[in-house]
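First up is the structure itself, then whatever we jot down about it.
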Amino acid sequence: MAEENPAAPAADYDQFVDWDKRLAREAPLFKWAFRTADVHSVVDVGAGSGMHAIMFAEWGLSVDAVDPADSMLARAEANIETARPRFHDKGGRVRLLKGGFGELAGLDLDYPADALVCTGNALPHVEGREGLRVTLADFARVVRPDGVLVLHLLNHERLMRSRVRAIPPVLRDTPEGVKVFLRVIGYPPGDEYLDFDFLTLVRDADGEWELSRRCSMHAALPADMLAQEVEAAGFDRVELFGDHERSGFDIERDESVILVARRRVD
């Protein structure tokens, strides 16, 4: 029987993601966005294991990395300590803070920040559209006028239209054995949420398989609706891209959506 394991995301996350390839692919978009807004300070919301924050610090930036999960913060702390020699001499720094969506303005952030990023499909953990509005208003409070916002999440419109049931599995060789990461998607009535089952299968040295499972409800955030709510929260110059090369967003084709906007100057 599958075992519910809430600690699995932190333990498995850095094995699931090929960080060298991912950061190399994503870095050009962030460099472009940060250059256009003269960014020196960043708030990374839903920072996970801290790998984006480390990359930004290696560029000499000051980063506040925020995540609600103690296990993820512990993982991030270990990654940051390992990477510190790579960014310390460049003037970069990373601070870790515990916090969830809607809580940023109450944290000891170095704000108003020049930029706020929320990547890795973290944003759909908001509690529906009202939760999104609360979250975006909180984002707006901690970003300076003309500062930049970067959001990256799955293209929910494509998933819901096509009723995609699974995302291609990822297989990794790890110290624990071969791991297979599966994501299975369900669609509850109403199209307000997507139901994600995260399954991890591990084959040990004896050839035995073990299955762990984590369920997560994601608020459905179609790109057009997201753009409207971002503008209503106080941002403008909203751009939607289908990849980190800044290709035009295609609802039917693109697996992800990247939104870049600027904090409105009143």
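Values below: all heavy atoms of this structure, side chains included; hydrogens, waters and symmetry mates excluded. Residues: numbered from 1 along the sequence shown.
- Inter-residue side-chain proximity for Pro68 and Glu103 is flagged as unmet; no heavy-atom pair is nearer than 4.5 Å.
- Of the candidates Asp243, Leu154, Asn155, Ser256 forms a side chain to side chain contact (heavy atoms under 4.5 Å, CB included) with just one, namely Leu154.
- You'll find the ring centres of His152 and His244 inside the 6.0 Å limit.
- Remark: aromatic rings of Phe139 and Phe235 are distant, center separation not under 6.0 Å.
- Between Lys90 and Trp59 the shortest side-chain heavy-atom distance does not fall below 4.5 Å.
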| Hey, mind stepping through Leu199 and Val184 against side chain to side chain contact (heavy atoms under 4.5 Å, CB included) and telling me if it holds? | CA-CA 8 Å; Leu199 307 174; Val184 179; 4.3 Å; yes
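- When atom types are taken as modelled, the side chain of Asp138 and the backbone of Val134 share no donor-acceptor pair closer than 3.5 angstrom.
- Pro169 and Leu182 get closest at one heavy-atom pair: CB-CD2, 3.2 Å.
- Scanning all heavy atoms of the two residues, the minimum distance from Ala233 to Ala140 falls at O-CB, 3.4 Å.
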| Run the side chain to side chain donor-acceptor pair (under 3.5 Å) check on Thr174 and Glu176 step by step: do they pass? | CA-CA 5 Å; Thr174 76; Glu176 296 87 5; 2.9 Å; yes
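- Counting only residues at least two apart or on different chains, the side chain to side chain donor-acceptor pair (under 3.5 Å) pairs with a member in residues 178-190 are Asp12-Lys179, Gln15-Lys179.
- Looking at heavy atoms from C-beta onward, Gln228 lies out of side-chain contact with Leu226 at the 4.5 angstrom threshold.
- Side-chain atoms of Asp114 and Val42, non-hydrogen and from C-beta on, never get closer than 4.5 Å to each other.
- Sorted by first and then second residue, the salt bridge (Lys or Arg N to Asp or Glu O under 4.0 Å) pairs involving residues 61-79 (not counting sequence neighbours) are Asp14-Arg75, Asp64-Arg93, Asp64-Arg95, Asp70-Lys98.
- At least one donor-acceptor pair closer than 3.5 Å links the side chain of Thr36 to the backbone N or O of Ala33.
- Nearest heavy-atom pair, Val126 versus Thr135, reported as atom, atom and distance to 0.1 Å: CG1-OG1, 3.4 Å.
- The distance between the ring centers of His52 and Trp19 falls below 6.0 angstrom.
- Using a cutoff of 4.0 Å between basic side-chain nitrogens and carboxylate oxygens, Arg144 and Asp38 are not scored as salt-bridged.
- More than 12 non-hydrogen atoms from other residues, nucleotides or ligands lie less than 6.0 angstrom from CD of Glu81.
- The shortest distance between side-chain heavy atoms of Leu259 and Leu153 does not fall below 4.5 Å.
- Under a 4.0 Å N-O distance rule, the pair Arg203/Glu208 does not qualify as a salt bridge.
- In summary, the aromatic rings of Phe241 and Phe249 are positioned with their centroids too far apart to meet the 6.0 Å limit.
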| message | Checking Arg213 against Asp197 for the salt bridge (Lys or Arg N to Asp or Glu O under 4.0 Å) test, could you report, in this order, the C-alpha distance in whole Å, the side-chain angles of both residues, the deciding distance, and whether it holds? | response | CA-CA 7 Å; Arg213 170 176 173 259; Asp197 252 344; 3.2 Å; yes
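- Arg129 has a carboxylate O that lies under 4.0 Å from a charged side-chain N of Glu229, or vice versa, which qualifies the two as a salt bridge.
- When all heavy atoms of Ala37 and Asp146 are compared, the closest pair comes out as CB-O, 4.0 Å.
- Taking 4.5 Å as the limit, some side-chain heavy atom of Val257 sits within range of a side-chain heavy atom of Leu240.
- At least one donor-acceptor pair under 3.5 Å links the side chain of Arg264 to the backbone N or O of Glu231.
- Using a cutoff of 4.0 Å between basic side-chain nitrogens and carboxylate oxygens, Arg161 and Glu252 are scored as salt-bridged.
- The aromatic rings of Phe30 and Phe34 lie tilted to each other, with the angle between the two planes from 30° to 60°.
- Two residues are said to be in side-chain contact when any heavy atoms from C-beta on lie closer than 4.5 Å; Trp32 and Arg246 meet this criterion.
- Smallest separation of non-hydrogen atoms from Pro112 and Ser41: O-OG, 4.4 Å.
- In this structure a side-chain-to-backbone donor-acceptor pair under 3.5 Å is missing from His218 to His125.
- Arg263 approaches Pro145 most closely through the heavy-atom pair CG-CA, 3.8 Å.
- For the pair Val117 and Val43, the minimum side-chain heavy-atom distance is 4.5 Å or more.
- Remark: Arg163 engages Asp191 in a salt bridge, criterion side-chain N to carboxylate O under 4.0 Å.
- No option in Leu104, Leu107, Asp110 other than Leu104 meets the side chain to side chain contact (heavy atoms under 4.5 Å, CB included) test with Val142.
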